[in-house]
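Per chain, numbering begins at 1; letters A, B, ... match sequence-line order.
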There are 2 protein chains.
Amino acid sequence: MGRGRPRKTDPEEVLDTAMKVFWNKGFEGTSMSDLVCATGMAKPGLYACFGDKESLYKKSLTRYFNNLGTPLLDDLKNSTDALPVVVRRFLESVAYSMLDKNCPSGCFVVNSLVEGSSTHPELETISKEYDQKRRDIFIERFEKAQKNGEIPLNIDAKAYGEFFSAQSLALGVLGRADACKNKLFSFIDVAMTVLPKP
Amino acid sequence: MGRGRPRKTDPEEVLDTAMKVFWNKGFEGTSMSDLVCATGMAKPGLYACFGDKESLYKKSLTRYFNNLGTPLLDDLKNSTDALPVVVRRFLESVAYSMLDKNCPSGCFVVNSLVEGSSTHPELETISKEYDQKRRDIFIERFEKAQKNGEIPLNIDAKAYGEFFSAQSLALGVLGRADACKNKLFSFIDVAMTVLPKP
DNA sequence: ACATTAAAGTACCGATTGGTATTTTAATGT
DNA sequence: ACATTAAAATACCAATCGGTACTTTAATGT
């Protein structure tokens with residue numbers, strides 16, 4: 001163990017809590033006082049641990065993407081399951097995430113994309129980056145599907161990949177507007193009809 | 001003409017400008033000073049004309065919906081064109097709105113839905129109300145289409161209506177993330193493949 | 001001309017904002 | 001026992017926040 005006074009709060013837990021506050025209220029809607037109250041870490045502690053508000057927000061968004069986004073993307077990229085299976089599983093996982101009552105509503109990346117603070121352009125950059133990663137992996141998977149013969153050669157694999165990637169944006173907004181499980185899942189059912197038979 | 005000193009700025013123009021500022025930067029991200037600078041109307045004038053910040057935001061969002069949303073919804077509701085024609089026209093109109101360089105990016109209703117200020121619950125209520133209106137009209141149109149034989153009877157008209165209504169949410173986020181015309185339109189092309197033949 | 005009306009403009013209010021300097025507390029190494 | 005380390009806690013900063021009281025200006029009605 002280190003030398004000085006022991007930490008009252010685990011920085012990982014603090015970051016997790018801060019993530020949820022930003023996710024729920026946005027960058028502009030969250031004050032440092034909000035974060036102090038929610039995390040239990042005093043203001044100077046937050047600054048010492050995570051830097052200024054913008055830096056803490058970036059770390060929160062990165063944590064969100066790594067913890068909640070990356071597993072879904074890895075599955076989409078690496079699973080050997082058929083295209084309709086992996087695509088549906090991705091969208092349903094997003095839907096389940098929308099319904100998790102231990103987390104704020106919606107998708108933090110979508111919230112951040114939409115808030116798009118003009119006074120803090122770096123925040124827009126990072127959320128666009130994560131949005132792009134999802135898009136790229138969807139496109140890759142659809143191009144692979146075309147090579148595999150899972151979908152016909154005469155369709156625009158890139159456009160289809162982008163379409164399904166964008167369905168998670170719609171789910172993010174629907175989740176933010178308190179859509180129930182039935183609505184989210186019947187939305188996915190309809191979206192899945194886009195997938196052409198091979 | 002009235003009695004007192006003439007207005008320097010037309011309240012309609014002021015509201016139009018305020019709408020664009022809120023649309024661009026959100027409720028929490030916009031300060032009264034921002035609005036004073038953008039509109040040219042001094043702060044006491046804004047309060048006298050529109051009430052407090054929350055009230056001005058509501059009027060801005062209502063103006064957005066009436067001016068930009070209602071015409072599209074009226075067309076969707078009243079046009080005698082075939083289902084694929086009116087649906088595509090609706091989505092393409094949304095896409096063109098995303099590309100209008102005289103307006104902020106994205107859709108103000110989507111932005112407002114996603115920001116969803118927890119400290120000002122009325123703002124969430126009104127954006128959800130406008131979102132619901134679009135959904136209702138889409139569902140109506142799909143139910144009508146089913147009666148007309150434009151789509152088969154064995155599909156879930158409500159789910160299809162909600163699906164296409166939600167595509168404008170996706171377009172709103174895509175527009176916010178600076179999607180270009182090609183991406184928006186090929187997105188719509190793919191979405192339109194959902195429409196079943198009669 | 002002059003009172004009346006209403007908007008513009010200035011100056012200000014307490015509260016809160018993001019951020020920090022300083023002190024106090026609690027552990028460890030010697 | 002005591003210096004050292006590091007975090008907690010308090011107190012504070014200038015700037016900005018949403019909102020308002022007050023003064024000034026420019027028009028109209030008589």
Side-chain angles (χ1 to χ4, degrees), chain A residues 1-19 21-61 112 115 117-124, chain B residues 1-19 21-61 112 115 117-124:
Chain A
M1 191 187 278
R3 265 257 224 159
R5 178 171 173 170
R7 311 199 85 104
K8 198 181 81 175
T9 46
D10 174 18
E12 282 293 309
E13 284 180 22
V14 168
L15 183 56
D16 196 74
T17 304
M19 176 191 80
V21 177
F22 278 130
W23 178 0
N24 187 36
K25 315 207 331 174
F27 179 77
E28 299 284 357
T30 300
S31 71
M32 293 305 293
S33 299
D34 292 334
L35 297 168
V36 169
C37 290
T39 62
M41 181 178 271
K43 224 194 301 188
L46 288 175
Y47 279 87
C49 259
F50 307 105
D52 65 7
K53 188 187 177 187
E54 182 172 345
S55 172
L56 177 51
Y57 183 89
K58 283 193 224 168
K59 284 166 182 161
S60 298
L61 186 54
S112 188
E115 183 174 10
S117 179
S118 52
T119 56
H120 298 257
E122 281 191 49
L123 303 187
E124 231 182 324
Chain B
M1 190 188 276
R3 266 257 224 160
R5 178 171 174 172
R7 311 200 85 106
K8 200 181 80 174
T9 46
D10 175 18
E12 281 293 309
E13 283 180 23
V14 168
L15 183 56
D16 196 74
T17 304
M19 175 191 81
V21 177
F22 277 130
W23 178 0
N24 186 37
K25 314 208 327 176
F27 179 77
E28 299 284 358
T30 300
S31 71
M32 292 306 291
S33 300
D34 292 333
L35 297 168
V36 169
C37 290
T39 62
M41 181 178 271
K43 223 193 301 187
L46 288 175
Y47 279 88
C49 259
F50 306 106
D52 64 6
K53 188 187 177 187
E54 183 172 345
S55 172
L56 177 51
Y57 182 88
K58 282 192 223 168
K59 284 166 182 160
S60 298
L61 186 53
S112 188
E115 182 174 12
S117 179
S118 51
T119 56
H120 299 257
E122 281 190 50
L123 303 186
E124 230 182 326

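- Under the 3.5 Å distance criterion, the side-chain polar atoms of B:Glu115 are matched with a main-chain donor or acceptor of B:Glu28.
- Both B:Ala42 and A:Arg5 lie near DNA chain C, and the one whose nearest nucleotide falls closer to the 5' end is B:Ala42.
- For the pair A:Met32 CE and D:dA11 P, the computed distance is 19 Å after rounding to whole Å.
- Between B:Thr30 and A:Gly40, the residue whose closest nucleotide on DNA chain D is further toward the 5' end is A:Gly40.
- Atoms CZ (A:Phe50) and P (D:dA7) sit 12 Å apart, rounded to a whole Å.
- Spacing between atom OH of B:Tyr47 and atom P of D:dC22 amounts to 18 Å, rounded to whole angstrom units.
- Note on ring orientation: taking the six-membered ring where Trp is involved, the planes of A:Tyr57 and A:Phe22 are perpendicular (angle over 60°, cut-offs 30° and 60°).
- Here D:dT20 presents its C1' atom at 17 Å from NZ of B:Lys53, a figure rounded to the nearest Å.
- If you measure from atom CE of A:Met41 to atom P of D:dA6, you get 15 Å, rounded to the nearest angstrom.
- Evaluation of atom-type donor-acceptor distances gives a pair under 3.5 Å for the side chain of B:Lys43 against the base of D:dG19.
- Regarding B:Lys8, its NZ atom lies at a distance of 16 Å from the C1' atom of C:dA6, rounded to whole Å.
- Contact of the B:Asp34 side chain with the B:Ser31 side chain is registered, since non-hydrogen atoms from C-beta on lie closer than 4.5 Å.
- Comparing B:Gly4 and B:Thr9 by the nucleotide of DNA chain C that holds the closest heavy atom to each, the one mapping nearer the 5' end is B:Gly4.
- Pairing of D:dA27, defined by two Watson-Crick or G-U wobble distances under 3.5 Å, is identified with C:dT4.
- The interatomic distance linking A:Arg3 (CZ) with D:dT5 (P) rounds to 6 Å, in whole Å.
- Between A:Ser33 and C:dT16 there is no side-chain polar atom (N or O) within less than 4.0 angstrom of OP1 or OP2.
- Rounded to a whole Å, the CG atom of A:Leu35 is 13 Å from the C1' atom of C:dT17.
- Distance NZ/B:Lys58 to CG/B:Asp52: 8.0 Å, rounded to 0.5 Å.
- Of all nucleotides listed (D:dA7, C:dG18, D:dA21), D:dA21 comes nearest to the side chain of B:Pro44.
- Side-chain contact between B:Leu15 and B:Leu56 is present, with at least one heavy-atom pair separated by less than 4.5 Å.
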